Structures are given as structure tokens and as C-alpha cells.
Number of protein chains: 2
Amino acid sequence: MTLFGIDNLPYGVFSTADGVPRIGVRLGDAVIDLSRLDLHGVFRRPALNPLLALGRPQWTLLRAQIAELAPVLPAIPLTEVRLHLPFDVADYTDFYSSEHHAANVSRILRPANPHLPRAWKHLPIGYHGRSATVVISGTPIARPHGQLNDTDFGPSARLDIEAEVGFVVGVPGSRIATEDFAEHVFGVVLVNDWSARDIQAFEYQPLGPFLAKSFATSISPWVVPLEAFATFPSPPQQPRPQPYLLPAGPALDVSLRVQWNDTEVSVAPYEQMYWTAAQQLAHLTVNGASVRTGDLYASGTVSGPAREQAGSFLELTDNGTVPVKLADGSQRGFLLDGDTVTISATATGARGTTIGLGSVTGTVCP
Amino acid sequence: MTLFGIDNLPYGVFSTADGVPRIGVRLGDAVIDLSRLDLHGVFRRPALNPLLALGRPQWTLLRAQIAELAPVLPAIPLTEVRLHLPFDVADYTDFYSSEHHAANVSRILRPANPHLPRAWKHLPIGYHGRSATVVISGTPIARPHGQLNDTDFGPSARLDIEAEVGFVVGVPGSRIATEDFAEHVFGVVLVNDWSARDIQAFEYQPLGPFLAKSFATSISPWVVPLEAFATFPSPPQQPRPQPYLLPAGPALDVSLRVQWNDTEVSVAPYEQMYWTAAQQLAHLTVNGASVRTGDLYASGTVSGPAREQAGSFLELTDNGTVPVKLADGSQRGFLLDGDTVTISATATGARGTTIGLGSVTGTVCP
């Protein structure tokens with residue numbers, strides 16, 4: 001069984017030997033070149049943005065057309081293509097919506113006050129990131145330099161990952177009700193929000209993380225349409241959220257597998273996230289802020305209750321104090337130069353099959 | 001004496017009755033239509049970005065050419081043009097680099113721990129904002145809604161301003177030395193980073209301000225080239241900054257006047273800022289993050305030591321407890337619906353004359 005069958009059909013941007021980036025869908029281990037169709041003029045482009053701007057009715061129509069046409073169009077093996085950043089990122093926002101992650105971070109980093117932040121259960125806490133440094137999977141990750149404390153400047157010694165699910169905005173809007181989530185959000189990517197914990201600890205008061213997270217954010221090359229996912233009831237929320245955050249909207253059953261070099265070190269359950277993607281979008285825009293075509297917002301680190309469900313190495317290794325053992329016998333607290341992290345994911349698809357989200361990978365260089 | 005003489009020549013985007021946005025320079029109370037020249041193909045455009053991308057040698061050459069040509073080209077009175085957002089904003093970053101402002105905020109908002117944040121004198125603290133909501137001067141400011149505490153959702157009751165100086169990046173780069181500041185930064189605008197203090201207080205831990213500042217950031221329409229400014233030694237810094245932040249780079253002698261309806265309520269001295277714009281750019285990129293053409297980064301609220309030098313109403317009114325009296329006899333703590341705030345500025349120009357930065361204005365609506 002392929003994870004990229006006709007139930008999935010994620011969009012991406014690829015080029016072949018001719019070097020011309022264009023739009024394709026993945027089917028099995030091949031890419032179907034949609035620029036040959038150029039329906040609505042959106043496929044002969046180097047980025048998905050014109051497709052993203054079409055809106056839900058056209059997205060649905062195109063998906064149905066492609067499902068019919070893709071199997072009979074020429075397929076280019078994945079091994080013969082180069083994949084590019086699938087869309088031009090407008091604003092990038094990152095949330096903090098896993099209760100297990102937030103509780104772990106509070107316990108590890110703020111032991112004197114190990115509770116969730118005061119507002120945490122009232123609203124999906126988030127921050128704005130740097131869209132210039134959202135990069136395609138496979139881009140090497142240069143270890144960031146920064147101030148580590150009052151006296152030391154140098155390369156981060158606590159380089160970490162954050163395994164996340166990202167949402168790609170298609171249709172612009174403001175004050176978007178949770179019910180209108182699927183009218184605005186086109187699809188889903190995987191996100192690794194690389195984080196330098198030592199830089200973060202020194203700089204983050206009172207305006208939040210800055211250099212600790214602005215050097216690179218990797219995303220997976222395939223944008224899986226929202227329609228490809230089965231939807232499930234989201235977890236209960238107590239206290240009851242403000243009306244603008246209700247109804248909560250659906251949960252997606254996405255399972256993220258984190259591989260550190262050759263070793264799978266955790267499996268993180270997105271379906272347990274406290275705040276849904278619909279609530280995040282409603283919150284992001286309730287103050288009148290607008291979203292644009294190409295905006296990316298991410299779930300925040302996905303962590304489950306168990307250590308082997310951690311979406312960050314900060315949690316997996318208890319801030320480096322409980323090293324994880326890799327298959328080659330070596331041990332790790334945080335990332336070493338040369339290490340590769342690959343986050344891959346599968347999900348329950350709308351027709352009950354399992355669909356793939358592909359993977360996002362990066363190798364640390366000095 | 002005009003503040004917009006041949007020593008200034010700021011660039012902007014304007015349209016006339018024909019509705020076609022194009023590039024002009026301001027000379028006196030008129031706009032010179034540069035699209036008639038279209039040197040280097042950069043002026044017949046709806047945004048300054050292609051001009052910004054040219055780089056310092058071309059900027060200098062063009063400025064010399066325009067200084068010769070502008071006085072003999074047809075001038076369109078300012079009253080007959082509409083001004084537009086002068087450039088497409090890529091990433092927007094905001095700093096926090098006035099020691100007086102940071103000290104005031106610590107005293108007012110964190111009285112239990114009224115010191116500067118631990119890292120404050122070691123690095124220019126900043127955060128990423130939302131580029132989608134950077135708007136041109138004159139855009140109405142809708143009072144934002146948000147969660148004000150554990151139980152209340154509604155319009156902000158503590159809507160504030162932040163008077164700032166903004167820097168427009170022309171040439172992309174990463175790890176930019178302070179000495180290379182002028183090779184990358186094209187010019188200067190005025191910024192009002194509208195802020196909802198009640199929303200901010202509830203949401204900002206631990207990831208920084210989010211909805212409190214993402215609803216609107218207004219900028220002035222004229223981008224004053226860096227070459228138009230005289231440069232001065234920047235204030236001493238103790239402890240000595242890390243090498244990547246040295247030499248500190250120049251200070252600019254910009255004086256910001258804040259007008260609340262018909263009353264001038266403060267005059268804020270930018271030249272006293274602790275961290276320079278060159279240091280901010282060096283810090284922003286020292287971790288490997290890249291800047292792009294069209295990036296905007298702002299100084300942070302400009303405040304001097306005296307209350308009547310405050311760049312925010314939080315400081316001017318001591319968090320609303322010491323209302324300011326306006327010319328019409330009314331009193332204000334924070335902004336009321338219908339209030340207009342105009343921040344204007346002048347600076348010492350490179351030839352010793354006084355040059356204008358124009359103004360950034362906005363009226364609060366419900």
C-alpha cells in the first residue's frame with residue numbers, strides 16, 4: 001500500500017534537468033507534472049500561491065479533476081526531480097499548543113514555577129517568526145551563533161528540534177470564525193522549528209524567542225490538502241474557551257516520527273493537541289489582524305505524555321541530562337555537527353486509508 | 001526654510017487621479033514624478049523594492065542625478081496626490097532599544113522586579129512582528145479585541161502608541177558587520193507600533209507580545225535615504241558589547257514629536273537610544289538569519305529621561321494613572337475612539353540643515 005495514493009494527492013513544486021520549477025502532485029513514488037494541464041493558469045508557476053488563492057470551491061473541483069487525470073498522465077520518478085519550497089511564505093507564525101510540551105518546558109526550564117503560563121488554557125499562545133528563513137526540507141542547518149549568557153558568545157551548544165504540523169493559508173481574511181477554517185486553510189506540511197535553547201534562555205525575556213528560532217525553519221515539500229484528512233473530535237477543553245474559539249473545530253490524526261541519524265527516537269501524537277488549528281487561526285485574526293495567501297502557521301511542538309512521544313530533544317533528554325542512545329551506540333543530549341534529523345508523518349485519510357505527509361529533514365553543519 | 005529641500009529628497013509611492021501608483025521624490029510641498037525618468041527601470045513601479053535592491057553605489061548615483069533633475073521636472077502639489085505604502089514589507093522586526101523606555105516599562109509593569117531584563121545591556125532585545133499589517137500613514141486603526149484577563153474578552157481599554165524610527169533594508173545579507181550597515185540599509189521611515197497594553201499583559205508570557213501588536217503598525221509615506229542624515233557618535237555602552245556589535249555605528253539626531261489630537265504631548269530624542277541601528281542589524285543576522293529587500297526593522301519606542309519625552313502613553317500617563325490634559329481641556333490615559341495621533345520628526349541633515357521625515361498618523365475607530 002502506498003501512502004501517496006489517489007486519496008492523498010499532495011501538491012509540490014519540482015524541477016527536472018531543465019531547471020524550471022513547476023507544480024506537480026505526488027502519486028506513489030512519482031510526480032505528475034500538472035504544468036501540462038495548467039488548469040486555471042495556476043500550475044505553470046514556481047510556487048503554489050496562485051493555486052492557494054483560488055479558494056475552497058476551486059480547490060475541490062481541481063482535486064476531483066486531478067484524481068481522474070493523474071493516473072493517465074506521464075509520471076516522473078521522484079529520483080529524477082528536485083523539490084523546491086512549495087510556496088512563497090508571507091507571514092510565519094508559530095503556536096505552543098501541546099499541553100504536554102508546555103508542561104514539560106515549564107518543568108524543565110522554570111522549575112521554580114513549573115506551572116503552565118497563566119494564559120495557556122485561555123488562548124493559544126503563539127509568536128511571530130521569520131518568513132525569510134523558512135526553508136525546504138534538505139537545506140543544511142548551520143549551527144547558529146549567539147550570546148549564551150552574560151559573557152559568552154559562540155555556537156549554540158544546545159541545538160534542538162521542534163516537530164510540528166504546519167497549516168498553509170490560501171484565502172485571505174480577518175476575524176475568521178473557527179467554522180470557516182476550511183474556507184481559508186488549504187493544506188498541511190510538516191515543520192521543524194530548529195531551536196537554540198541556550199540562546200533562547202538568555203534572550204527571551206520579555207519579548208520572546210528571537211535569534212534562538214530565526215536562523216532556520218524547515219518544511220516538508222508536499223502540501224497535503226485538508227480534504228485528504230479524516231477529521232476527529234478534538235480533546236475536551238477546561239475552562240471553556242471564549243466564544244470566538246468555539247466550536248473548537250476538528251482534530252487531525254497525524255502521527256509524527258522523529259528519526260535522529262539512524263534511530264527513531266520518538267513518535268509524537270498530533271491528535272492530542274489542546275488547541276486546534278481552527279482555534280489558532282481564529283485567535284490569530286480576532287484582533288483584526290489579516291492573514292494572506294501563503295501565510296504559514298505551525299502547531300507548536302507536538303509532544304505526547306510519554307518521554308518517547310516528545311517532539312523536542314529538550315524534553316526527550318530532560319534538557320540534555322538524560323542522553324538518548326542511538327543505534328550506533330553513541331549518546332546524545334542535543335544535536336552534534338553532522339547529525340541528521342528527519343521528521344516523517346502519516347495520518348488517517350478522509351476515506352479511512354493511511355496517507356503520508358512525507359518528511360522534513362536537515363543535517364547540522366558547523 | 002523647507003524641511004524637504006534638495007538635501008532631503010525622500011522617496012515615496014504616489015498616484016494621481018489616474019490611480020497608477022508610481023515612484024516620486026518629495027521636494028518642498030510637491031512630488032516630482034520619477035516614473036518619467038525610469039532610470040534603471042526602477043521608478044515605473046508601484047513599490048520601492050526594485051530601487052531598494054540596487055545597492056549603495058547605484059543609490060548614490062541616482063540621488064545625485066535626481067538632485068540635478070528634480071528642480072526642473074514638473075512638480076505635482078502634494079494636495080493632488082494619494083500616497084501609498086512605499087515598499088512591500090518582507091519581514092518586520094521590532095527592537096526595544098531605548099534604555100529610558102525599557103526602564104520605565106519595567107518600573108510600571110513589573111514593579112516587583114523593576115530592573116532591566118537580564119540580557120538588556122548585552123544585546124538589542126527584539127521580536128518579530130506581522131508584516132501583513134504594516135500600513136500606510138492615515139489608515140484608520142480599528143480598536144483590537146482580545147482577551148484582557150482570565151475572564152474578559154472585548155475591545156482593548158488600554159490602546160497605546162509606540163513612536164519609533166524604522167529602517168528599510170535594501171540589499172540582502174546575513175551576518176552583517178556593523179560597519180556594513182550603510183551597504184544594506186537604504187533609508188528611514190517613522191513607525192507607530194500601535195499596542196494594546198491589556199491584551200499584551202495577559203498574553204505575553206513566555207513567547208512575547210502577539211495580538212497586542214499584530215493588528216496594525218503604521219509607517220510614514222516618505223523613505224528618507226540614509227545619506228540625507230548627519231551622523232553622530234553613539235552613546236557609550238557599559239558593559240562593553242560583544243565584538244560582533246562593535247564598532248557601534250552612528251547615531252542619528254532625529255527628534256520625534258507626538259501629537260494627540262490637537263496637542264503636542266511629547267518630544268522624543270532618538271539620538272539617545274542605547275543600541276544603534278547598525279547594532280540591531282548585526283544582531284538580527286549574527287545567528288545566520290538573512291535579511292531581504294523590503295525588510296523593515298524598527299528601533300523600539302523612543303523615550304527620553306523626562307515624562308514629556310515619552311514615546312508611549314503607558315509612560316506619559318504612568319499606565320493611565322496620571323492623565324494628560326489636552327488643549328480642549330479633556331483628559332486622557334489611553335486612546336479613546338476618534339482620537340488621532342500624529343508622530344512627526346525632523347533630523348539634522350548631512351549638510352547641517354534640518355530635514356523632515358514627514359509624519360505618520362492614524363485615527364482610532366471602534
Side-chain angles (χ1 to χ4, degrees), chain A residues 90-96 105-106 109-110 117-120 122-123 125-133 142-147 149-151 153 156 172 175 196 199 202-216 239 242-244 283-284 286-292 295, chain B residues 90-96 105-106 109-110 117-120 122-123 125-133 142-147 149-151 153 156 172 175 196 199 202-216 239 242-244 283-284 286-292 295:
Chain A
D91 276 305
Y92 165 55
T93 312
D94 195 13
F95 286 91
Y96 187 55
V105 168
S106 292
L109 296 185
R110 294 180 281 274
R118 174 181 165 206
W120 201 92
H122 296 277
L123 53 84
I125 289 175
Y127 70 95
H128 287 97
R130 190 160 188 79
S131 57
T133 47
R143 183 179 295 273
H145 285 56
Q147 296 192 37
N149 52 48
D150 288 3
T151 53
F153 173 87
S156 169
R175 301 188 185 87
I199 295 173
F202 186 59
E203 75 178 0
Y204 88 107
Q205 289 285 10
L207 300 185
F210 189 57
L211 296 191
K213 289 169 173 282
S214 66
F215 55 99
Q242 290 284 349
Y244 78 89
H283 185 66
L284 178 57
V286 73
N287 66 342
S290 49
V291 290
R292 291 178 291 185
D295 275 9
Chain B
D91 275 306
Y92 164 54
T93 312
D94 196 13
F95 286 91
Y96 188 56
V105 168
S106 292
L109 296 186
R110 294 180 281 274
R118 175 181 164 205
W120 201 92
H122 296 278
L123 53 83
I125 288 174
Y127 70 96
H128 286 98
R130 191 159 186 79
S131 56
T133 46
R143 183 179 296 273
H145 284 57
Q147 296 192 37
N149 53 49
D150 288 3
T151 53
F153 174 87
S156 168
R175 301 186 185 90
I199 294 173
F202 186 59
E203 76 179 359
Y204 88 107
Q205 289 286 10
L207 300 185
F210 189 57
L211 295 191
K213 289 169 173 283
S214 66
F215 55 98
Q242 290 284 349
Y244 78 90
H283 184 65
L284 178 58
V286 73
N287 65 342
S290 50
V291 290
R292 291 178 292 186
D295 275 9

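Bear in mind the structure is a predicted one, so any value in this text is a computation, not a measurement. Worth knowing before you read on, the calculation uses all heavy atoms, side chains too, and leaves out hydrogens, waters and symmetry mates. In what follows, chains are A, B, ... by sequence order, proteins preceding strands, each numbered from 1.
Ranking A/Pro239, A/Gly126, A/Ser106, A/Ala90 against chain B, the residue ahead of the rest is A/Gly126, based on heavy-atom pairs under 4.5 Å. Considering only heavy-atom pairs separated by less than 4.5 Å from chain B, the leading option among A/Val291, A/Leu207, A/Val286 is A/Leu207. Among B/Leu123, B/Thr133, B/Ile125, the residue making the largest number of heavy-atom pairs under 4.5 Å with chain A is B/Leu123. Note on B/Phe210, B/Tyr96, B/Phe215, B/Tyr244: by heavy-atom pairs under 4.5 Å with chain A, the leading option is B/Phe210. The greatest number of non-hydrogen atom pairs below 4.5 Å with chain A, out of B/Pro209, B/Ala142, B/Ala212, is found for B/Pro209. The choice from A/Ala119, A/Ala132, A/Pro144 that makes the most heavy-atom pairs within less than 4.5 Å of chain B is A/Ala132. The greatest number of non-hydrogen atom pairs below 4.5 Å with chain B, out of A/Glu203, A/Gln205, A/Gln242, A/Arg143, is found for A/Gln242. Ranked by heavy-atom pairs shorter than 4.5 Å toward chain B, the options A/Ala196, A/Ser290, A/Gly288 are led by A/Ser290. Taking chain A as the reference chain and counting heavy-atom pairs below 4.5 Å, the highest number among B/Pro117, B/Ser131, B/Gly146 is found for B/Ser131.
Under the side chain to side chain contact (heavy atoms under 4.5 Å, CB included) criterion, B/His145 pairs with B/Phe153, B/Pro155, sequence neighbours left out. Every side chain to side chain contact (heavy atoms under 4.5 Å, CB included) that B/Arg118 has, sequence neighbours left out, goes to A/Asn149, A/Asp150, A/Phe202.
Neither the backbone nor the side chain of A/Val105 comes within contact range of chain B; no heavy atoms are under 4.5 Å apart. For B/Tyr92, no part sits under 4.5 Å from any heavy atom of chain A, backbone or side chain. In this structure, chain B has heavy atoms under 4.5 Å from both the backbone and the side chain of A/Leu284.
Annotation: side chain of B/Arg130 is in contact with side chain of A/Thr93 (closest heavy-atom distance under 4.5 Å).
A side-chain donor-acceptor contact under 3.5 Å links A/Gln147 to the backbone of B/His122.
Annotation for B/Ser214 and A/Asn287: closest pair OG-ND2, 2.8 Å, computed over non-hydrogen atoms.
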